[in-house]
Structures are given as structure tokens and as C-alpha cells.
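Step one of this worksheet: look at the structure below.
Residue numbers start from 1 in every chain, and the chains themselves are labelled A, B, ... in the order their sequence lines are given, proteins ahead of strands.
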Amino acid sequence: MPELPDVEIYRRVLERHGLNRRIAAVEVLDVGMLADVGPADFARALAGDRLTGTRRHGKNLFARRGRGGHLWMHFGMTGALAPFREDAPAHARILYRFEQGPHLAYVDVRRLGHVGLVEDVEAWLEAEGIGPDALDPALTAERFAEALGRGRRSVKAALMDQARIAGIGNVYADEILFQAGLRPDVPVSALDEEWRRRLFAVMREVLRTAVDCGAAAERYVERLPDDYLTKRREKGARCPRCDTPLETLRIGGRTSFYCPRCQIDPRG
DNA sequence: CGTTATGTTCGATG
DNA sequence: GCATCGAACATAAC
């Protein structure tokens, strides 16, 4: 589930296994994953180099290269970064081989992710139109409130808009709205400052909790608090708080789970 | 076979 | 101009 918490875990994987080690070779097993760079240039840029630092912004992961510039990864819907020693994991698309294992594999079943080279991260984020990271300490409640906007757009669509706040996807948007007690289809124009502050605090809490529970790990969902909606994301499930059957909505082509009793529309 | 799935982008439509 | 909707991308699981 590569949303912010999952990508944060991959950042830690990269930090732990990929930093300051000489890259012996890069194997591009699927050229289609590369964005704006050919396999030969990509491999040549990294082979012999070292990664000297990591950074995550929203769902994007960057690794600083010793020679300058950065390696960039986006995980799409099914991407992951996994260490391996002998055989590469199933659906591995790019292998980063170090002189001694473990090596790292960029894995992506559906191949909707992208990998490439980025020179200047700040300039790249600006050019891509990506908003402030949801967990950036510099993101204040005031900036968050402003970023949500004031239009007719639904609060869920706004939360998932990477140009406004970067890092939230379908699953965590539903969780944040459940924990905040807000229906997903409420237009942002209906949110007063108090609701915006509440949404901000809940967003931080939910994302931090997901990271702390080891997002992206096998069966990490089980470690989430019992009152988390994410544990019940399936048809016919009931609200973890009041046992009311959950309902679904389609917003932006994606399914939204919500509790019709615990989540309200501030307009009444 | 049909439906759905954590993301993003693009073209069409309101 | 802005927001929304469906389709597309590609693959697996139920």
C-alpha cells in the first residue's frame, strides 16, 4: 500500500540496506519502469556510485547520489523496495546489487510505479506541482487549512490531491476521515477552521500511527489500533466503534468506506 | 468471466 | 477555469 506511511518504511529500508555501500551493478529487468531515462544511462549513472542520504516527500522516495543528483522512486499501487540475498523476489523490476549482500529490489506487480534520476529535488517537486508533505514539521495547521481549499470539492478528494497535501491515498484518506468523524463527501467549503484544525491533528496522528505500526510490512494492519477503519475495509464490514454496517461511496473513481453514524456532515 | 484493488494521467464532460 | 468522470496503464486475486 504505497501511501505516505508505506513509502516512509521503504525509505527506512533504503536507509538501512542501501546507504554508503558501493553499487556493483544495476539490473533493469523492466525498461518500462524508467521515467525519462534509458536503461543504459540509468545503470551507468548508478554503477560504482554510493547512495549517501534519503528523503521522502509524499509518496516519492529519493536517494542522494555520491556523484550528485538523486535516484527517484514512486511505487504506484503495488510497488515496494525489498532486500534480498540470493534470488530476486517475484515481480522484481530493477535490482540494485551491492558488492556484498543484501541487495535491493524495486518490486512492482502492476508496474504502475516509476523510477528515474532527479537532479534537484526541490526544483523537481515545484515543477511537478507537488504540495507540502503531510508529515513535514514545517506544515502548520494554518497552512494545512489553507491548502484544503474552499471550493465545492469533497474533503476526501482534497486530501488525496497531491498538489495540496502530499502523501495521502485512498486508504489513509478514509482512515483520517473516519477518525475525524467526517463524511468523505462533504465539500471543503463546509469546513470551518475548527474542523480544519481537527482534520490536521487527526491526519498527523493517523499517519504517524501507521508508520509506527510498520506500514507496508506483512500483516501490519493487525497491529493498527482496534478502532481503525483500515482493519475493516471489506464489503459487509461493521464500524469498529459502533458496529453499524459500513457504507461505501464512489469518489474520484475509488471506493470510500465510512460509517454513516460516526461520520457526519457539518452542515447537518 | 466479472469485479476489484493502495496511483497517476489524460481527454471528455459538466 | 475548475471539478469530476471514465478510461487507460498492467496484473493478480477472489
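Under the 4.5 angstrom side-chain criterion for Ile, Leu, Val, Met, Phe, Trp and Tyr, the cluster partners of A/Ile130 are A/Phe62, A/Trp72, A/Val118, A/Val121, A/Trp124, A/Leu125.
In terms of the ring-ring contact (aromatic ring centres under 6.0 Å, His included) criterion, A/Phe257 has no residue partners (sequence neighbours excluded). Legend: residues meeting side chain to side chain contact (heavy atoms under 4.5 Å, CB included) with A/Arg11, ordered by chain and number and at least two apart, are A/Glu8, A/Glu15, A/Thr54, A/Arg56, A/Leu61. Judged as a side chain to side chain contact (heavy atoms under 4.5 Å, CB included), and not counting sequence neighbours, the contacts of A/Ala163 are A/Asp161. By the side chain to side chain contact (heavy atoms under 4.5 Å, CB included) test, A/Ala45 is found to be paired with A/Arg65, A/Leu117, residues two or more places apart in sequence or in another chain being considered. Applying the ring-ring contact (aromatic ring centres under 6.0 Å, His included) rule to A/Trp195 yields no partners; only residues at least two apart in sequence or on another chain are considered. Considering only residues two or more places apart in sequence or on other chains, A/Arg250 meets the salt bridge (Lys or Arg N to Asp or Glu O under 4.0 Å) condition with none of them. Take A/His103 and apply the ring-ring contact (aromatic ring centres under 6.0 Å, His included) test, not counting sequence neighbours, and it matches A/Phe84.
Atom CG in A/Leu249 sits about 14 Å away from atom P in C/dT4, given to the nearest Å. A straight line from CG of A/Asp108 to C1' of B/dA5 spans 13 Å, rounded to a whole angstrom. The interatomic distance linking A/Glu234 (CD) with C/dA13 (C1') rounds to 15 Å, in whole Å. Atom CZ of A/Phe75 is separated from atom C1' of B/dA5 by 19 Å (rounded to the nearest Å). A/Met77 places its CE atom 13 Å from the P atom of B/dT4, with the value rounded to the nearest Å.
Only the P atoms considered, C/dG1 is 25 Å distant from B/dT8, to the nearest whole Å.
The residue A/Thr248 sits apart from the nucleic acid: no heavy atom pair falls under 4.0 Å. The residue A/Arg150 sits apart from the nucleic acid: no heavy atom pair falls under 4.0 Å.
Where DNA chain B pairs in unbroken runs of 3 or more (Watson-Crick or G-U, both distances under 3.5 Å), the stems are B:2-5 with C:11-14, B:7-14 with C:2-9.
Using a 4.0 Å cut-off between charged nitrogen and carboxylate oxygen, A/Glu99 and A/Arg21 do not count as a salt-bridge pair. A salt bridge links A/Arg219 to A/Glu222: one of the charged nitrogens lies within less than 4.0 Å of a carboxylate oxygen.
Look at A/Thr78 and you won't find any side-chain N or O under 4.0 angstrom from OP1 or OP2 of B/dA5. The side chain of A/Arg250 contributes no N or O atom lying less than 4.0 Å from OP1 or OP2 of B/dT3.
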Annotated protein contacts, base or backbone, on nucleotides 8-14 of chain B with a non-hydrogen cut-off under 4.0 Å, one of B, S, - each: B------
List, with names and distances, any nitrogen or oxygen atoms from the protein found under 3.5 Å away from nitrogen or oxygen atoms belonging to nucleotides 9-12 of chain C.
residue, atom, partner, partner atom, Å
C/dA10, O4', A/Arg110, O, 3.3
C/dA10, O3', A/Arg111, NH1, 3.0
C/dA10, N1, A/Arg110, NE, 2.9
C/dA10, N1, A/Arg110, NH2, 2.4
C/dA10, N3, A/Arg110, NE, 3.0
C/dT11, OP1, A/Arg111, NH1, 2.8

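Applying the salt bridge (Lys or Arg N to Asp or Glu O under 4.0 Å) rule to pairs touching residues 173-188 of chain A yields A/Lys156-A/Asp174, A/Asp174-A/Arg233, A/Arg183-A/Asp185, sequence neighbours excluded.
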